[in-house]
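All remarks here apply to the structure that follows.
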Amino acid sequence: MNNVRRFGGIPLNRPLVMGIVNVTPDSFSDGGETFAHEQAITRGLRHMMDGADIVDVGGESTRPGAVPVSSEDEIGRVLPVVSALAKAGAIVSIDTRHAAVMRAAAAIGARIINDVSALSTEAAALDIAARSGADIVLMHMPGTPQTMRDQSRYDDVVEEVMVYLEGRIAACEAAGIARERLAVDPGFGFGKYVDDNDRLLAGLDRFRTLGCPILVGLSRKFGKGKGPKERLAESIAKARQAVAKGADILRVHDVAETVAALRGHLLDAGR
Ligand code: YH5
């Protein structure tokens, strides 16, 4: 176990499950912010009991057209949740594009920074992330959440996403972040059409050449318009497909079901 690779301190000798914890305005609608914090903490604790290796706490909606919030407000949303879950023994990931949020979360125990903009939104993010000591997820997203819809035309989506991620890895290394601290993520559903997502999943093994663990977020992004059961089945099927293609970490809403579906893989260590 000594020379096995790790991410967020966790050995990567089996696929890891990252449970999603949102602290976004929808959860504020009744009961205010404290209620939203309690709900999110409860969700995170449930993920842990269900077998999540990591909990990913986010306070900014990256849906197209979402209203931006200040870093101050984002910190107010996520920090009590990060703090409570870290104290409860969780490996916490902070899902943010903002340097001030990264710094605040890492200072109270977040071990992973998950940035859908691969540390490109704010100039300070590279330096803050470097100093935080946290491991970092670099995700591909063309443009910003507001513009990504207009920017998704690829000749070879796998190649283009790989070139982008290679560039962000280089930017991290230049900022003093060792490659060993990085994971890469093709960003399923972010400025991509159905065909692009299919090609990325089919070609996921090519991302191995980047020399970093691969994280994927496929949960509930497919099977739209279908019922919740069909959507869950589709998420699970995609998760297994991703693991077969070399995914190391799965970011999911349905932790218990994903852990159960991965059991075969979980048992054969070393895959
Ligand atoms: C991701 O892929 N995704 S937020 C639309 C949906 C369902 C889910 C309605 N943060 C990722 O989860 N971080 C998000 O259908 C992420 N990778 C990483 N690293 C979007 C999301 C979602 C969007």
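As the structure lists them, so they are numbered: ligands from 1, and atoms in each ligand from 1.
Around the CD atom of Glu173, the shell of radius 6.0 Å holds more than 12 heavy atoms that belong to other residues, nucleotides or ligands.
The side-chain hydrogen bond (donor to acceptor under 3.5 Å, both in side chains) search around Lys221 returns none, not counting sequence neighbours.
From the protein, the heavy atom lying nearest to atom 14 (C) of ligand 1 is Arg251 NH1, 3.3 Å. Considering only non-hydrogen protein atoms, atom 9 (C) of ligand 1 sits nearest to Lys224 CE, 3.7 Å. The protein non-hydrogen atom at the shortest distance from atom 4 (S) of ligand 1 is Thr62 OG1, 3.7 Å. Here the protein heavy atom with the shortest distance to atom 5 (C) of ligand 1 is Lys221 CG, 4.2 Å. Summary of contacts: the protein heavy atom closest to atom 18 (C) of ligand 1 is Asp185 OD2, 3.1 Å.
We find that Arg131 and Asp127 are joined by a salt bridge, their nearest charged nitrogen and carboxylate oxygen being less than 4.0 Å apart. Ion pairing between a basic and an acidic side chain is recognised when a charged N comes within 4.0 Å of a carboxylate O; Arg206 and Glu159 show such pairing. Using a cut-off of 4.0 Å between Lys/Arg side-chain N and Asp/Glu carboxylate O, Arg14 and Asp53 are scored as salt-bridged. For the pair Arg220 and Asp254, the salt-bridge criterion is met [side-chain N within less than 4.0 Å of a carboxylate O]. Looking at Lys192 and Asp198, no side-chain N of the basic residue comes within less than 4.0 Å of a carboxylate O on the acidic one, giving no salt bridge.
Close approach of ligand 1 to Asp95 is summarised as follows: ligand atoms under 4.0 Å from at least one heavy atom of the residue are 10 (N). For ligand 1, the atoms closer than 4.0 angstrom to any heavy atom of Ser219 are 7 (C), 8 (C). Listed by number with element, the atoms of ligand 1 under 4.0 Å from a non-hydrogen atom of Val116 are 10 (N), 13 (N), 16 (C). Under a 4.0 Å criterion applied to the non-hydrogen atoms of Leu215, ligand 1 contributes the atoms 19 (N).
Across Arg220, His253, Glu60, Met139, heavy-atom proximity to atom 1 (C) of ligand 1 is greatest for Met139. Taking only non-hydrogen atoms, the option from Asn114, Asp115, Asn22 nearest to atom 19 (N) of ligand 1 is Asn114.
Every pair passing salt bridge (Lys or Arg N to Asp or Glu O under 4.0 Å) that includes a residue from residues 85-104 is listed here, sequence neighbours excluded: Glu60-Arg97, Asp95-Arg251.
Heavy-atom separations between Ser61 and ligand 1 are all 4.0 Å or longer.
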